[in-house]
Amino acid sequence: MKAIVSAYTTPGIRLIVSFLIKVSLPSYLLYRAVRHCLPSIDVHLGWGCYTVLGSLMMFLLHILYTHLLSIYHLHRARLLNAQPLPSVSGRWPGNFDLLRQWLGIWQTGYPGDIAGRIMNQLGGTETYGVKLFWHDTAFTADPGIIREILTTDHANYIKGRQLTDALHSVLGSGVFNTNGDLWRFHRSMSRPFFTRDRLKRIVPTFVKHADHAIQLLVDASTTITTATNPETEAGSVAVDMQDLASKFTLDAATEFLFGGCVHSLNESLPRPWNAPPQQEQSSSSPPIVEKGSPSRSSSQDSFHILPLNHPHGITPTPTPDSAAAAVVSSPTATTPFLPRRPHQASSPTTSPTTNPTTPSCRPQTTTTTSFPAAFTSALHTLASRLRSGSLWPLLEIKKDSTREDVKVIHQFVREIVKRAIARRDQRDRKQFGPGQQTTAMVDEKLSSSSPSSSSDEDSGSGDKTMKTLLDHLITVSDDIELIQDELINILIAGRDTTASCITFATYILSQHPSVSARLEREVLSVLGPSRAPTLDDFRSMPYLRAVINETLRLFPSVPLNVRDSLAERVWTDSTTGQRWYVPSGTSITYSFFHLHRSSRLWGPSCQQFDPARFLEEDERYLKYFGTSPFVFVPFNAGPRSCLGQQLAYAEVEVFLCRLMQKLAARGERIGLDEEAIPVEARVPSVWSQEGNPPESVCGGGGGGGGKRTCAVMASVMRRFSSSSLDQEGISSGRGENLEGKVEEGAALPLHSSPSRLSTLSSSSSFGSLAPSLDGRMIPATTVEGVSPRRAVERIRPKSHLTMYVDGGLWVKPLRTLA
């Protein structure tokens, strides 16, 4: 029933109907009360008036309920010898003004600036609370509290309904969007696949697609000609590494998940805005290959690039061992992985109808959007929903923004699953004979999926004929929808997060030539100039892993995560021992971004990029990371830790190794082309001015508001960066602490005692400097709470579901000095 309602309605309509149902009861009660109390008076009020009055009555009752609930929470805090969380509040009901201001800062500020400013104004605390729309929310970057949420008390912290509802249209009931027994079942389905033995066999797949992607980078950097004058050389063209990494990880992920890739790397790459017009290539033109090199077929060390106008579908090499050896074709469109860019539709394509049990044939499919384009567009929609909070359905009243994309995704994945199940049944019939499944077949399925036979992720045990995750899943279940949701969830994890890491690792290497040179020496010493890496080779390259870890420390692929508390809890501040009361139902955001950049946890060089801190011979390794592993959590932790952690490491390591080998052979290193960055996505000049908020904090918000909103937000930002105690525009909350006092600091309220404020302030290392690589000096913290790294950034990092570079990461190979 729920699926039928979702199919014929929109999220906005469902929200409005739900609201009207809730309003109808108080409206009816109000109508009956008026008729009962005033029977002699002829009251002619329409139902519309009763509805408005009922809504107002419900709203007032809700406000009264939240205030009474706050009083109850204060009482519970006293009983538990705790205090309410330090909190902030605005002038508008529900703190709606704060939300608008924060959305504006998010558009133009540096990641973490909002929380950083609040924590700074609250005296340096790593945990605080705020009521948004009268709902309790909490933020924390305290490693002890994060450890409790993820491990010691993980059963109390679940993915809340607001999050799961926003993601359900795309993720369904997959492993990343469920809780409890259903989550445990999904995780147990996929865990046996991620063994070291299977990972060894997946590495050559990574090598093949990494070679393809890096060759595209090299080809784009060769001399090109202009369209206006073919005889004139126009120089090299920058490549968007973010788009290239996304296509690489999508192709690699679809191959090891489905048995065949979507060939998104065969699509033409986006060109920078300042590139000269490119000469048109005719449909009969030969394939594009590296200048001076013959065209060769795809292999581990070389590959054949198809013409840019070639209609690409998913065309894997059929093998009897792969359950997805033949899959549905899907026309693709050029889809750069750039935020806020709508997906492009291609012309409809129809394939002939075929027998679904014949591996060499393709079934009928009619689509107007490619799978890669639909997949990327759907993820952008999910990110927009999460930024809009609980009111996101109101932005989708006319249509479900993911519906068309999900149709393409589901059609693509369902057909693969159906054909895989059909081939499995056909193979079983040949093995056990016609008719019903025999007891031997059932026993074989149970043994292949039992924990005793396949739960050891390092042993490499299991059926070696299972090449893909799909091959494994169809031995566990016949439920097409369940397998579909699991594949989509794993695909999202295997694509965006790894692409994010590759993107920022490339950016870091372009900014630190000494790191790039040292990494190149290590790679060449182990692999030589051309040999493809294996999984065992990575054990001999500790600096490579250190570079990746340091990239994930400064730019974690998933910078924030959220949970809802089922029951009330008391958190203990790991610095001061202060006990904080957290009510049941609180929405909690925990930040890896702030955790990884804390001067208390990583020392005065916390803002510097220095991979040596992850080498065991470095004194900082034991002093910080070695003594407390929970200060570095790039792959989550506890029961919900990332299943594909080692697979992600291997994929990034393969890409960086092949990149270093290719550039070394050409006498080049990777460089950032700042001129190719779109003007609207360039770093604001005020980022380099200590203590000043971005001047464009109100611009580009997309939500309207005009000059008045801009002035309000600019005023708030000025007060954020000053030391004044002026309270114009922001008032203190109504809560109280055990001492009955409300301390204020730099225009934001603090619900704690003066001793707490002095303790936090004295523990902060504001303004401390540490030596850095390549002669850069970055303070550990600032007195304004904004990230000190923004003064040296050359790109604009942002985050939605994952970290990304606004406008793309435009790079090109540069000649190294002899």
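Note that these values count all heavy atoms, side chains included, but never hydrogens, waters or copies made by symmetry. These figures come from a predicted structure and were not determined experimentally.
Between Y507 and F555, the ring planes lie perpendicular to each other; the angle is over 60°, past the 30° to 60° tilted range.
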For a side-chain contact (heavy atoms from CB on, under 4.5 Å) check, start with the C-alpha distance between S173 and H168, then their side-chain angles and the critical distance, and finish with the verdict. CA-CA 7 Å; S173 299; H168 185 267; 4.1 Å; yes

Apply side-chain contact (heavy atoms from CB on, under 4.5 Å) to E396 and T381, showing your working. CA-CA 11 Å; E396 301 184 25; T381 301; 4.1 Å; yes

Yes or no on side-chain hydrogen bond (donor to acceptor under 3.5 Å, both in side chains) for D564 and S587, after CA distance, side-chain angles and deciding distance? CA-CA 5 Å; D564 280 11; S587 297; 3.3 Å; yes

Begin from the C-alpha positions of D251 and K247 and carry the test salt bridge (charged side-chain N to carboxylate O under 4.0 Å, His left out) through to its verdict. CA-CA 6 Å; D251 283 0; K247 290 177 177 177; over 6 Å; no

Verdict with reasoning, D400 to R385, per salt bridge (charged side-chain N to carboxylate O under 4.0 Å, His left out): CA-CA 11 Å; D400 185 335; R385 287 178 176 181; 2.8 Å; yes

Quick one: do K407 and E404 satisfy salt bridge (charged side-chain N to carboxylate O under 4.0 Å, His left out)? Show the steps, please. CA-CA 5 Å; K407 284 182 180 178; E404 296 302 319; 3.8 Å; yes

Go through the steps to decide whether R682 and E674 satisfy the test side-chain contact (heavy atoms from CB on, under 4.5 Å), and finish with yes or no. CA-CA 8 Å; R682 293 181 181 177; E674 294 186 56; over 6 Å; no

Determine, step by step, whether L509 and L656 satisfy the side-chain contact (heavy atoms from CB on, under 4.5 Å) criterion, reporting the C-alpha distance in whole Å, the side-chain angles of both residues, the deciding distance to 0.1 Å, and the verdict. CA-CA 10 Å; L509 293 176; L656 293 182; 4.3 Å; yes

Going through the checks in order, is the ring-ring contact (aromatic ring centres under 6.0 Å, His included) test met by F655 and F206? CA-CA 8 Å; F655 189 92; F206 294 157; over 10 Å; no

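Side-chain N or O atoms of S370 include one that pairs as donor or acceptor with a backbone N or O of A373 at under 3.5 Å. Of the possible polar contacts, none joining the D485 side chain to the G172 backbone as a donor-acceptor pair under 3.5 Å is found. At distances below 3.5 Å, not a single donor-acceptor pair connects side-chain atoms of D165 with backbone N or O atoms of Q162. The closest donor-acceptor contact from the side chain of W273 to the backbone of I677 lies under 3.5 Å. The backbone N or O of V805 sits less than 3.5 Å from a side-chain atom of Q242, completing a donor-acceptor pair. Not one N or O on the side chain of D405 forms a donor-acceptor pair closer than 3.5 Å with the backbone of F375. In this structure a side-chain-to-backbone donor-acceptor pair under 3.5 Å is missing from D240 to W810. Side chain of T10 to main chain of K399: no donor-acceptor pair is present (N/O by atom type, distance under 3.5 Å, no hydrogens or angles). No donor-acceptor distance shorter than 3.5 angstrom exists from the side chain of H596 to the backbone of S591, with no hydrogens or angles considered.
Side-chain atoms of N179 and R563 form no donor-acceptor pair, as typed in the model, at a separation below 3.5 Å. A donor atom on one side chain and an acceptor atom on the other are not found under 3.5 Å apart for S246 and D243. For the residue pair S169/T402, the side-chain donor-acceptor check at 3.5 Å is satisfied. Side-chain contact annotation: T376 with R495, donor-acceptor N/O pair under 3.5 Å present. A donor and an acceptor atom, one from each side chain of D211 and Q215, are nowhere located under 3.5 Å apart.
Shown are R796, R789, R790; of these, the salt bridge (Lys or Arg N to Asp or Glu O under 4.0 Å) with E793 is made only by R789.
Interatomic distance, L554 CG to F504 CZ, rounded to the nearest 0.5 Å: 10.5 Å. Separation of atoms CD (E486) and CG (D479) is listed at 11.5 Å; rounding is to 0.5 Å. Taken to the nearest 0.5 Å, the CE atom of M189 stands 5.5 Å off from the OG atom of S477. Summarising the geometry, atom CG belonging to L379 is positioned 12.5 Å from atom OG belonging to S384; distances are rounded to the nearest 0.5 Å. The structure places NE2 of H594 at 11.0 Å from OG1 of T589, a figure rounded to the nearest 0.5 Å. Interatomic distance, CZ of F412 versus OG1 of T254, reported as 6.5 Å (0.5 Å rounding).
Here the closest heavy-atom approach between residue A493 and residue T498 is recorded as O-OG1, 4.3 Å. Minimum interatomic distance between D673 and A238 (heavy atoms only, all atoms of both residues): OD2-CB, 3.5 Å. In terms of heavy atoms, A420 sits closest to I474 at O-CD1, 3.8 Å. Looking at every heavy atom in both residues, V262 comes nearest to F371 through CG1-CD2, 3.8 Å. The nearest pair of heavy atoms linking A220 to V239 is CB-CG2, 3.2 Å. Scanning all heavy atoms of the two residues, the minimum distance from G174 to N489 falls at CA-ND2, 3.3 Å.
Inter-residue side-chain proximity for Y649 and F635 is flagged as met; some heavy-atom pair is nearer than 4.5 Å. Annotation: side chain of L491 is not in contact with side chain of L487 (no heavy-atom distance under 4.5 Å). You'll find the side chain of L552 stays beyond 4.5 Å of the side chain of F592, heavy atoms only. For the pair N636 and Q645, the minimum side-chain heavy-atom distance is 4.5 Å or more. Side-chain contact between P559 and M803: present, with at least one pair of heavy atoms (C-beta onward) separated by less than 4.5 Å. The closest side-chain heavy-atom distance from V417 to L473 is not below 4.5 Å. Inter-residue side-chain proximity for P797 and Y110 is flagged as met; some heavy-atom pair is nearer than 4.5 Å. The shortest distance between side-chain heavy atoms of H212 and N266 falls below 4.5 Å.
Listed by first then second residue, pairs satisfying salt bridge (Lys or Arg N to Asp or Glu O under 4.0 Å) with a partner in residues 547-559 read E550-R553, E550-R613, not counting sequence neighbours.
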